[in-house]
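Each residue takes its place number in the sequence, starting with 1. Any value given below was found using the heavy atoms of this structure, including those in side chains, with hydrogens, waters and symmetry copies removed.
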Amino acid sequence: MSVFMIIFGILMVIAGIVCLVTPVATTFSLMYFFMILLFATGIVFLIQSIVYRRVMDLIIAILALLAGAFIVFSPNLAFVTETILLYVVACWLIIRGIFGIVNACRAKKNIGGGMFAFALIVSILVIGAGIYSFIHPIVFAGFLGILASCYFIVEGIDMIIAGCIGKDIENTK
């Protein structure tokens, strides 16, 4: 499981870098990128919730799969879907940031002070981006391609770290 998460995290970081290089194309095809991201994250967290028996990961998995399914089954309502997507992503950023803080606090003794501070700062920035996105959705829409690429990178790094410390967390139960 840990090797799978590390490989998947590396692939997500690479995908984030590709999206960062092409932000306009990313913005235009964002619904499909988020569909892939949400389904992939949902599947990984679903597997993780089964393996480690964590309710929080199950909640993230269900929310991610539901959000991904919404994007898949409503492509004909492009404008409505994109508008709703702005708020779904803003809400997702806030939720993901909160879970990032919780996970950083749980793994504090396993990852050390520097990595804990880094994880905490990234999670707070993700929450800030989500709150700002609710306040100014039009500005958020303009930077959606860049933010999507950053989210791919952050999620990939999170999966790499979770894969690296997965055995340590499993052993501390």
Side-chain angles (χ1 to χ4, degrees), residues 1-13 15-16 19 33-71 84-137 140 143-144 146-173:
M1 181 67 185
S2 296
V3 174
F4 171 71
M5 288 185 71
I6 292 170
I7 291 170
F8 196 72
I10 291 169
L11 290 174
M12 288 189 68
V13 170
C19 291
F33 280 116
F34 274 111
M35 177 187 68
I36 293 166
L37 174 71
L38 291 170
F39 272 125
T41 302
I43 290 168
V44 168
F45 275 102
L46 186 64
I47 292 169
Q48 188 174 344
S49 70
I50 292 169
V51 171
Y52 297 121
R53 299 174 195 249
R54 290 193 213 148
V55 175
M56 234 157 88
D57 291 340
L58 181 64
I59 292 170
I60 290 175
I62 291 170
L63 290 174
L65 290 171
L66 286 175
F70 175 77
I71 294 169
I84 291 173
L85 179 65
L86 290 173
Y87 291 105
V88 167
V89 172
C91 183
W92 181 255
L93 287 171
I94 293 170
I95 291 170
R96 187 64 183 100
I98 291 169
F99 279 109
I101 290 172
V102 170
N103 288 336
C105 291
R106 279 186 176 170
K108 184 178 180 181
K109 63 182 174 183
N110 291 333
I111 61 175
M115 285 301 289
F116 170 72
F118 178 70
L120 200 61
I121 290 169
V122 168
S123 297
I124 291 170
L125 289 174
V126 169
I127 291 172
I131 292 170
Y132 186 78
S133 301
F134 270 116
I135 297 170
H136 299 289
F140 181 56
F143 295 105
L144 208 49
I146 295 169
L147 286 173
S149 62
C150 292
Y151 187 72
F152 266 93
I153 293 169
V154 167
E155 191 69 30
I157 291 170
D158 188 39
M159 286 187 167
I160 292 169
I161 291 171
C164 289
I165 64 170
K167 292 291 183 188
D168 294 337
I169 291 174
E170 185 179 320
N171 294 335
T172 59
K173 281 187 168 182

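Two residues are said to be in side-chain contact when any heavy atoms from C-beta on lie closer than 4.5 Å; Phe116 and Cys105 meet this criterion. Side-chain contact between Ile157 and Val122 is absent, with no heavy-atom pair separated by less than 4.5 Å. Taking the side chain as every heavy atom from C-beta outward, Trp92 and Ile60 approach each other to under 4.5 Å.
The side-chain contact (heavy atoms from CB on, under 4.5 Å) search around Ile62 returns Leu58, Leu66, not counting sequence neighbours.
Taking both residues in full, the closest heavy atoms of Gly42 and Ala61 are given as O-CB, 3.3 Å, listed atom of the first, atom of the second, then distance. Between Ser149 and Gly16 the shortest heavy-atom distance is CB-O, 3.1 Å. Here the closest non-hydrogen pair linking Gly97 and Ser123 is O-CB, 3.4 Å. In terms of heavy atoms, Leu65 sits closest to Leu46 at CD1-CD2, 4.4 Å.
In this structure, the separation between CD1 on Ile43 and CZ on Phe8 is 7.5 Å, given to the nearest 0.5 Å. Ile10 contributes atom CD1, which lies 5.0 Å from atom CD1 of Ile160 (distance to the nearest 0.5 angstrom). From Ile161, atom CD1 reaches atom CD1 of Ile6 across 10.5 Å, with rounding to the nearest 0.5 Å. For the atom pair CE of Met159 and CZ of Phe4, the computed distance is 7.5 Å after rounding to the nearest 0.5 Å. For the atom pair Leu93 CG and Phe134 CZ, the distance stands at 9.0 Å (nearest 0.5 Å). Within the model, atoms CD1 of Ile124 and CD1 of Ile121 stand 7.5 Å from one another, a figure rounded to the nearest 0.5 Å.
Dense packing is recorded around CZ of Phe99, with more than 12 heavy atoms of other residues, nucleotides or ligands lying under 6.0 Å away.
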- [ ] Verify side-chain contact (heavy atoms from CB on, under 4.5 Å) between Leu125 and Val154, making sure each step is shown before the conclusion.
- [x] CA-CA 11 Å; Leu125 289 174; Val154 167; over 6 Å; no
